[in-house]
Amino acid sequence: MDILASLLLLVHLIPVSAARNGASSKSRKRIMPDPVTEPPVTDPVYEALLYCNIPSVAERSMEGHAPHHFKLVSVQVLIRHGDRYPLYAIPKTKRPEIDCTLVANRKPYHPKLEGFVSHMSKGSGSSFESPLNSMPLYPNHALCEMGELTQTGIVQHLQNGQLLRDIYLKKHKLLPSDWSADQLYLETTGRSRTLQSGLALLYGFLPDFDWKKIYFRHQPSVLFCSGNCYCPVRNQYLEKEQRRQYLLRLKNSQLEQTYGEMARIVDIPTKQLRASNPIDSMLCHFCHNVSFPCTRSGCFDMEHFKVIKMHQIEDEKERREKRLYLGYSLLGAHPILNQTIDRMQRAAEGRRDELFALYSAHDVTLSPVLSALGLSEARFPRFAARLIFELWQDRDKPSEHAVRILYNGVDVTFHTSFCQDHHKRSSKPMCPLENLVRFVKRDMFVALDSSSTNYYDACHREGV
Ligand SMILES: *[C@@H]1O[C@H](CO)[C@@H](O)[C@H](O)[C@H]1NC(C)=O
Ligand SMILES: *[C@@H]1O[C@H](CO)[C@@H](O)[C@H](O)[C@H]1NC(C)=O
């Protein structure tokens, strides 16, 4: 067995070995590094496997967990698209042969796969805001196109949908049986992989996927900032963050040497190789158990992969410490968080529309939202990652509403910057809605270490 094969077999072992923490089987999902169950040193291969998120055993999750006197009011879901083909090819190499058609006799499989394909092929153009209406509703190329969602990506989201359905619809009856179009809010960026991921999740989620009740809005910005995208200070933070990234890379001589070796193998300048973002392609090889590319001068190998992946991990660590990315994130995530609390407040007032919202997005969407919420320790968004905002009403005190936040099934409510202290003072298993509202409306700007108290001022402040 080659090294890649033996590593992939590990995928199926991880949940078992991680469950050694007998205190709670629920802690087996790892969004935050767990000192009890994880390798003591950061292992780039282990991290890469988590990133692939290969569907295996049914997962446990903490979504929908609440004491009996709480009633579920609304749910908002922010997802990253599922497993996809690389965005760029590595020059002068054969690109990995991965089949993006959906077939029942290939793994990973989901019982709803055939139903999904047949339902999507009857899709209705009127369910999509332009330009989404001209997009394919499921992946269908025998050799994947660049960036195309794979069968793995579809299965990941069918599984997400099914899991959320069991919890939110079957158990908590979030939607009435005669639910209508305006009880869903659906939004996606204009990429086939995000649209198709959203459709797969919905197909797993809804009891009857009626095209007449589906309407996907198009979001032009990966930050989902709609009419509020203009923010010069955010861009200044981003430029400084990119400068930091660049300097860190220069300091890593092992990384430079690795890129040099790889560039020699494909016989192109190092700069050109780096620009083709080889780790993205190599992750695709890795997640799909396809051996790394070779030329007559040699092969890319596991050592190259580990060095680049390890650098990514170190980069994320420094990113947290230097806090430039936090500045970018607080401003970048404000508009979508503002929309999230706005919808929660309307639901808390008793409005019965948009009970379930789905935003189908990218790593560059989830990452700033996680960071802005204070979840900077959370892992980089894996394929088909999900971040969920639940709104609950206390039946004993109907005027009180509370929030739970979950990342990949783990309750992270009390890891957020606006609810850490609450946890220590209160026995309630949730965060008061007011905490989140106060954070989004004011405290997130205060966290920028500035005198600004609103988005507009914070975005236009001089001299960052
Ligand atoms: C990976 O591929 C090898 C052949 O290249 C095969 O023997 C092995 O079973 C595969 N492993 C998995 C986990 O699919
Ligand atoms: C925040 O939400 C309110 C209510 O929907 C809206 O009027 C306002 O423009 C939003 N502000 C930003 C900066 O997104």
Side-chain angles (χ1 to χ4, degrees), residues 1-16 45-46 48-50 52-57 74 76 78 83 94 96-99 105-109 150-152 155 185 187 217 219-235 282-294 299-302 305 328-349 351 353-354 357 359 365 368-369 372 389 433 436-448 450 452-461:
M1 191 158 43
D2 60 38
I3 180 158
L4 208 56
S6 58
L7 288 168
L8 279 165
L9 286 175
L10 257 177
V11 172
H12 302 279
L13 299 177
I14 286 175
V16 179
V45 172
Y46 175 83
L49 282 172
L50 294 181
C52 298
N53 188 18
I54 297 167
S56 53
V57 287
S74 82
Q76 303 186 62
L78 173 57
D83 177 77
K94 199 159 71 66
E97 277 176 39
I98 292 171
D99 185 340
N105 62 4
R106 186 195 310 128
K107 281 185 181 167
Y109 174 72
T150 65
Q151 174 157 326
T152 307
V155 169
Y185 180 87
E187 188 170 337
R217 277 161 229 265
Q219 174 55 248
S221 156
V222 292
L223 288 173
F224 282 64
C225 48
S226 307
N228 294 297
C229 291
Y230 182 66
C231 185
V233 173
R234 184 193 69 216
N235 297 340
M282 291 176 86
L283 278 164
C284 175
H285 285 261
F286 178 84
C287 296
H288 288 266
N289 192 22
V290 174
S291 51
F292 292 133
C294 293
C299 292
F300 289 5
D301 64 29
M302 206 48 159
F305 179 77
Y328 166 77
S329 299
L330 287 164
L331 295 171
H334 175 75
I336 190 172
L337 289 173
N338 181 47
Q339 219 188 95
T340 307
I341 57 161
D342 192 46
R343 190 173 291 114
M344 284 184 178
Q345 287 180 306
R346 279 183 279 134
E349 285 162 12
R351 299 243 327 234
D353 57 354
E354 300 182 5
Y359 299 96
T365 319
V369 173
F389 296 83
L433 173 58
L436 177 58
V437 170
R438 201 184 320 119
F439 175 72
V440 174
K441 291 216 188 279
R442 195 196 65 202
D443 292 352
M444 63 191 300
F445 307 113
V446 177
L448 280 171
S450 79
S452 318
T453 53
N454 68 66
Y455 182 66
Y456 183 84
D457 289 349
C459 282
H460 294 84
R461 182 159 55 92

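Remember, it's 1-based here, ligands and their atoms both numbered in the order they're listed. The shown structure was predicted, so the numbers you read here are calculated from the model rather than taken from an experiment.
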### Message
As an exercise, identify every atom of ligand 2 less than 4.0 angstrom from a heavy atom of Tyr455.
### Response
13 (C)
### Message
Under a 4.0 angstrom heavy-atom cut-off, which atoms of ligand 2 come close to His334?
### Response
13 (C)
### Query
Per the ring-ring contact (aromatic ring centres under 6.0 Å, His included) rule, which among Phe286, Phe300, Phe305 passes with Phe292?
Phe305
### Query
Has ligand 2 got any nitrogen or oxygen that is less than 3.5 angstrom from a nitrogen or oxygen of Asn228?
yes
### Task
Would you check if Cys52 and Asp83 make a side-chain contact, meaning some heavy-atom pair closer than 4.5 Å?
no
## Note on the structure
Residue, atom and distance of the protein heavy atom nearest atom 2 (O) of ligand 2 read Asn338 ND2, 2.4 Å
### Message
Tell me the protein heavy atom at minimum distance from atom 5 (O) of ligand 2, and give that distance in Å.
### Response
Asp342 OD2, 3.0 Å
### Query
What are the two closest non-hydrogen atoms of Pro335 and Phe224, and how far apart are they?
CB-O, 4.3 Å
### Task
Measure centre to centre between the rings of Tyr456 and His334, then say whether the value is under 6.0 Å.
no
### Task
Answer yes if a protein heavy atom lies under 4.0 Å from atom 7 (O) of ligand 2, otherwise answer no.
no
#### Entry: Asn289: numbered ligand 1 atoms lying under 4.0 Å from its heavy atoms
1 (C), 2 (O), 3 (C), 8 (C), 10 (C), 11 (N), 12 (C), 14 (O)
### Query
Below 4.0 angstrom, N of the basic side chain to O of the carboxylate: do Asp457 and Arg461 qualify?
no
### Message
So, applying side chain to side chain donor-acceptor pair (under 3.5 Å) with Tyr359, which one of Arg217, Gln339, Glu187 is it?
### Response
Gln339
